[in-house]
Each structure stands twice: as C-alpha cells, then as structure tokens.
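Each residue takes its place number in the sequence, starting with 1.
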Amino acid sequence: MSKRLWKGIFEENPVLVLMLGLCPALGTTAAVKPALAMGIATAVVLIAVELVMTLLSHAVPEKAFMVVSVLLTAVLTAIAEYVMAQNFPELYEELGIYLPLMAVSSVILSRVSEVSKNGSLAEALGDSVGMGIGFVLALAAVSSVRELLGAGTWFGLQVMPEGFQPVAAFSMAPGAFFTVAFLAAAMNVKARRKASETDREGE
C-alpha cells in the first residue's frame, strides 16, 4: 500500500510521468484555484471508483468491467458537478466542460483497469490516494507557475513586485504546454538519476 502511494505521487505521477489527464492539466491551470478544484474533484472520484470497482471485481463479469467502471465514474462525476454548482458556482462556471469530461478521465479509467481488476483493497487504496495526491500536486505546480508568470498573482493575490511585467503567453495554451513539458522533463530527470543511483548501489 505504501509503495503504491509513493509511486502515484512521485515515481508514476499521472500527469508529469505517465502523461495522463493532460486535458485538465492544460485547460484548467491558468490559475491555482480552478486547478485545485479540478484536481480535488478528480482525486475524490478516482478514490471512490477504484475502491468500489475493487470490491466488485469478483462480482462483475470481465467483459462488463469497464462498462460498469465508466457508468460509476459518470454517476460520481454528475454528483461532483452538482455539489460544485451548488456550493462553488464561480469555480463551476470557470471549469466549464472540463468537469463533466472527468467521466472519461484517462487517470481514473487507467487506474481502474490496472489495479481494480486484480489488486487487493489495500493496493487500490494506496494507488488511488497516491494517484489522486499526485494529480492534485501536478495541477498545483503547473497552475502556480502559470499564474505567477502570467498574471503576477498566486491564488488571486498579488505577489510579484510592482515592476513585474506578466508574460501573457503563460495565461494561454502555449504557456500551458511549455509549463507541463518543463515540469515533466524535470521530474523525469530526477527519476532517472534516482534509478541510476539505485543501479550503482546494486552493483
């Protein structure tokens, strides 16, 4: 369980290592608030779906497993939409189409397919929580860089000096691609160094 938790956060981060969930990582990260809202909503649905499907893994026929997974994800996504619309209408409007697209999230469906079919409940818990935290942290990192450089703010608060000139590109699509690519490269370089150190210790 602890191994899966660690992998989801760092070694197999869904966005920066596995390149999953890139649609919300690019589309909702112009500012930190909507990015965190998207990340937390996805993490909650991921944990719920993965745990429920693990419990149902022996009861649901293999051919129907992914169909049931998608239906369950769609139901929980609809609930998440309703909760956000009722309690956080501004964030709901800001997230737009990206929130309902969570129903077919590659992050959620890939983990259900890989872990829930054959894993134990403890493995599913560690994997879903780790991947959920990893997803939230990835979106927080991308959105922090983009908001700081693109607007000079963080969480809507002015943090850059008065003379700072925002780089408009970071508020647009090119800035999203550049930021994700840079952070992914940094994450993978770190992972390779760690793997090399492990190999040397083994020798």
Side-chain angles (χ1 to χ4, degrees), residues 5-47 77 80-81 83-102 105-108 110-111 128-195:
L5 181 68
W6 177 261
K7 276 189 172 184
I9 299 174
F10 297 106
E11 294 178 12
E12 295 182 2
N13 185 280
V15 176
L16 302 179
V17 178
L18 300 181
M19 294 294 157
L20 298 173
L22 289 179
C23 186
L26 297 172
T28 67
T29 55
V32 176
K33 283 183 182 179
L36 282 181
M38 188 70 212
I40 292 170
T42 303
V44 171
V45 174
L46 167 63
I47 294 168
T77 296
E81 279 191 83
V83 170
M84 190 168 289
Q86 294 299 312
N87 297 283
F88 309 100
E90 291 183 5
L91 281 175
Y92 176 75
E93 290 295 330
E94 196 166 353
L95 290 174
I97 189 62
Y98 295 103
L99 196 57
L101 280 178
M102 187 167 59
S105 170
S106 58
V107 177
I108 297 173
S110 68
R111 303 323 296 169
S128 59
V129 172
M131 285 287 170
I133 294 174
F135 188 72
V136 172
L137 291 178
L139 264 60
V142 174
S143 60
S144 292
V145 172
R146 293 186 65 197
E147 185 175 350
L148 281 170
L149 297 180
T153 61
W154 192 73
F155 258 93
L157 302 173
Q158 186 68 39
V159 295
M160 289 298 197
E162 290 185 6
F164 174 75
Q165 293 294 324
V167 183
F170 279 94
S171 298
M172 300 183 289
F177 280 102
F178 177 81
T179 305
V180 170
F182 178 80
L183 293 176
M187 180 75 80
N188 281 283
V189 166
K190 185 176 180 180
R192 288 178 183 176
R193 284 180 180 173
K194 186 175 180 180

Take a 6.0 Å sphere around CZ of F155 and say whether it holds more than 12 heavy atoms from other residues, nucleotides or ligands.
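Result for CZ/F155: enclosed.
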Check whether [X] reaches the backbone of [Y] with its side chain - one donor and one acceptor, N or O, closer than 3.5 Å.
X    : Y    : value
R146 : L26  : yes
T28  : A35  : no
E147 : G156 : yes
S110 : V107 : yes
E11  : W6   : no

What's the separation between atom [atom1] in [X] and atom [atom2] in [Y], rounded to the nearest 0.5 Å?
X    : Y    : atom1 : atom2 : result
L183 : L16  : CG    : CG    : 6.0 Å
L46  : S128 : CG    : OG    : 5.5 Å
S105 : R111 : OG    : CZ    : 11.5 Å
T29  : Y98  : OG1   : OH    : 9.0 Å
T153 : K33  : OG1   : NZ    : 9.5 Å
L99  : Y92  : CG    : OH    : 7.0 Å

If you look at every heavy atom in [X] and [Y], which pair is closest and at what distance?
X    : Y    : value
S143 : A31  : CB-O, 3.5 Å
S144 : W154 : OG-NE1, 2.9 Å
Q158 : G152 : NE2-O, 3.1 Å
N13  : M187 : CB-CE, 4.4 Å
F135 : G21  : CE1-O, 4.0 Å
L18  : M131 : CD1-CE, 3.9 Å

Check the pair V136 / L36 against side-chain contact (heavy atoms from CB on, under 4.5 Å), numbers first and verdict last.
CA-CA 6 Å; V136 172; L36 282 181; 3.9 Å; yes
Please state whether the rings of F182 and F178 are parallel, tilted or perpendicular, taking 30° and 60° as the class boundaries.
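It falls in the parallel class, under 30°.
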